[in-house]
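Just so it is clear, the model here is predicted, and its values are computed rather than measured. Hydrogens, waters and symmetry mates are skipped; everything else that's a heavy atom, side chains included, is used.
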Amino acid sequence: MNIIIVGLGKVGRNILRCLTDEERDVTVLDTNEDKVRSAVETYDVNGICGNGCIAEDLKEAGAATAGMIVAVTPSDEQNVLCCMIAKSLGAKYAVARVRDPAYSKQIDFMREKLGVDRLVNPERALAEEVGRILRFPSAEQVYSFGEGKAEIVEMTLPAGCALCGKKLSEVVSRDKKYSILIATVSRNGRTFVPKGDTILCEKDVVNVCGKHYDISDFLHSYGMLKRKGQYVMILGANKKTYYLAEQLEKNGFIVKIISPNREKCEQLKNTLGTTTLVCADFNDPEVLETEGIDDADAFAAVSDYDENNVMTSLYAKSKGVPKVITVTTNDRYEALFDCIDLEGIISPYHVVAQEISKYVRSIAVPEGSGILSLYKIADDEAEALEFAVHDNPEFAGKALKDISLKAGVLIAAVIRGKNLVVPNGGTVLEGSDLVILVTTQELVSSLDDVLR
């Protein structure tokens, strides 16, 4: 599948690097000749110096046969227009960078009427990623399905974990208040779908499937997650701050934002609910101590200045804050970060690049396969598939115990309307269901590959 990237700013170059690392067929298009030349020389891709809003330039880039167009110029409007033109020329999928929150609220209209299949917003994507990290601090990965109705959380069982030494049947017994399913276990380089008599061990990497709140309750009951009400200190007042605070408020966190910019603090105060706003110099250790850094469960430095974020994060770590997140935007500092004792360094541009890469993988399935989306999990040793029952009559109306699945295949969850069902053998699939299936099969190109 040929992918056209329009715009070679920080977002575009990060997407380019991510896609070429996966050996995707990429063509870049930008009005800046130097940027195009640099991309072609560095990544060995096709390059066109032109305007993504000009049909002839898009034709030259191969839009008529492109599998996807990714428009990430600085202009929201140009990105949407570029996608519309590319789709009219024949591009199969269109992704636009849209930062204005007002535009983001009408994604359904843009998808149905304008042909934009997906909107990406680096600031919002960053906030969602940080929110996932803070909701599940021990998680290596969090995958979302069915528009957020189901999640798969991947994590390593630490030494002394209460899960270790227990049979799976004990862990997911029916008298528990939560409804989760452990879909895969990775142990000693081998990934497998566990059975009821599988005993969990220290250092196992497990993928837990269920609703967000059920997974939270499950992890908390085994001492792997704190209860809600955690106190998060955020430094900086900008779009990233707004999206992050909004996410954390919804998930029951106690949030405090510190920024020296009084005007931005007032703006955030008028748009956020329970968040506390403090107008003060967050570079002053005395301010941080007065505002309770010693009591913080997590600390996120998201100001517009990388240097401030790194220095205040180092201070937070020295004060023993359990989880420290440092946001950076300057790629030139990447090589230096390896020398800094900070683990939670994150870039909005890297996050959105990974989001695009996951989206490409999810749609890069053969037509007629019956698969809606596909994600690699468990360090690429397993796959999670999402499919609609009404598109696959061999599943409709059948109980799971009557469906002949190959070894290493598990139906992990059923999304039924607004509800998520963690299935058992007696669960009967309905025509409107979305199904999440996990498999350790080497290659799945259609649902036929998982049936006996």
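Within the 4.5 Å cutoff, the side chain of T329 has heavy atoms near those of the Y349 side chain. Counting only heavy atoms from C-beta outward, the side chains of H350 and I346 never approach each other to under 4.5 Å. For the pair K195 and L168, the minimum side-chain heavy-atom distance is 4.5 Å or more. Counting only heavy atoms from C-beta outward, the side chains of V414 and L420 never approach each other to under 4.5 Å.
Panel note: side chain T241, backbone G236; a donor-acceptor pair is recorded below 3.5 Å. N419 places no side-chain N or O within donor-acceptor distance of the main-chain N or O of I415, the cut-off being under 3.5 Å. N238 places a side-chain N or O within donor-acceptor distance of the main-chain N or O of V302, the cut-off being under 3.5 Å. A donor-acceptor pair is defined here as one N or O able to donate and one able to accept, closer than 3.5 Å; no such pair exists between the side chain of N2 and the backbone of G67. Between the side chain of S88 and the main chain of I85, a donor-acceptor pair closer than 3.5 Å is present.
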Under the side-chain hydrogen bond (donor to acceptor under 3.5 Å, both in side chains) criterion, do E381 and T440 qualify, and how do the steps go? CA-CA 6 Å; E381 293 298 317; T440 56; over 6 Å; no
Using the rule given for salt bridge (Lys or Arg N to Asp or Glu O under 4.0 Å), can you reason through D117 versus K92, listing the C-alpha separation, both sets of side-chain angles and the distance that settles it, and then say yes or no? CA-CA 9 Å; D117 298 287; K92 189 170 183 181; over 6 Å; no
Worked check of side-chain contact (heavy atoms from CB on, under 4.5 Å) between T184 and F192: CA-CA 6 Å; T184 67; F192 57 94; over 6 Å; no
CA sep, side-chain torsions, deciding dist, call: Y213, N251, side-chain contact (heavy atoms from CB on, under 4.5 Å): CA-CA 9 Å; Y213 292 110; N251 285 280; 4.2 Å; yes
Step-by-step side-chain contact (heavy atoms from CB on, under 4.5 Å) determination, V327 to L126: CA-CA 9 Å; V327 174; L126 176 87; 3.9 Å; yes
Take L157 and L200, measure what side-chain contact (heavy atoms from CB on, under 4.5 Å) needs, and give me the verdict at the end. CA-CA 9 Å; L157 302 185; L200 299 174; 4.0 Å; yes
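For residues 152-166, no pair satisfies salt bridge (charged side-chain N to carboxylate O under 4.0 Å, His left out), with sequence neighbours left out. Screening residues 314-325 for side-chain hydrogen bond (donor to acceptor under 3.5 Å, both in side chains), with sequence neighbours left out, gives E289-Y315, D294-K319, K317-D341. Residue pairs satisfying the salt bridge (charged side-chain N to carboxylate O under 4.0 Å, His left out) criterion with at least one member in residues 196-211, sequence neighbours excluded, are listed as follows: R187-D204.
Remark: N308 pairs with F282, N283, S303, Y305 by the side-chain contact (heavy atoms from CB on, under 4.5 Å) rule, at least two apart or across chains. Under the side chain to side chain donor-acceptor pair (under 3.5 Å) criterion, T312 pairs with no residue at all, not counting sequence neighbours. Scanning for salt bridge (charged side-chain N to carboxylate O under 4.0 Å, His left out) contacts around K398 gives an empty result, with sequence neighbours left out. Judged as a side-chain contact (heavy atoms from CB on, under 4.5 Å), and not counting sequence neighbours, the contacts of A162 are Y222. Remark: M155 engages S138, E140, V153, V206, L219, M224 in a side-chain contact (heavy atoms from CB on, under 4.5 Å) (not counting sequence neighbours). Scored by the salt bridge (charged side-chain N to carboxylate O under 4.0 Å, His left out) test, K35 finds no partners at all (sequence neighbours excluded). For R416, the salt bridge (charged side-chain N to carboxylate O under 4.0 Å, His left out) partners are E430, D433, not counting sequence neighbours. Scored by the side-chain contact (heavy atoms from CB on, under 4.5 Å) test, E246 finds R124, Y242, Y243, K250, L272 as partners (sequence neighbours excluded). Evaluation of the salt bridge (charged side-chain N to carboxylate O under 4.0 Å, His left out) rule for E129 yields R132 as partners, not counting sequence neighbours.
With hydrogens and angles left out, the side-chain atoms of T326 and N309 include no donor and acceptor closer than 3.5 Å.
Residues A245 and V255 approach most closely at CB-CG1, 4.3 Å, considering heavy atoms. Smallest separation of non-hydrogen atoms from T73 and G7: CG2-CA, 4.2 Å. Contact detail for A384 and I152: the closest heavy-atom pair is CB-CD1, 4.1 Å.
Atom CG of D44 has 12 or fewer neighbouring heavy atoms from other residues, nucleotides or ligands inside a 6.0 Å radius. Applying the 6.0 Å contact sphere to NZ of K167 captures no more than 12 heavy atoms from other residues, nucleotides or ligands.
Within the model, atoms CG of D214 and CD1 of I180 stand 8.5 Å from one another, a figure rounded to the nearest 0.5 Å. Here CD of E383 is found 12.0 Å from OG1 of T191. Values are rounded to the nearest 0.5 Å. Between atom CG of residue N32 and atom CZ of residue R37 there is a gap of 9.0 Å, rounded to the nearest 0.5 Å.
Ion pairing of E151 with R135 is present here, as a side-chain N (NZ or NE/NH1/NH2) and a carboxylate O approach within less than 4.0 Å.
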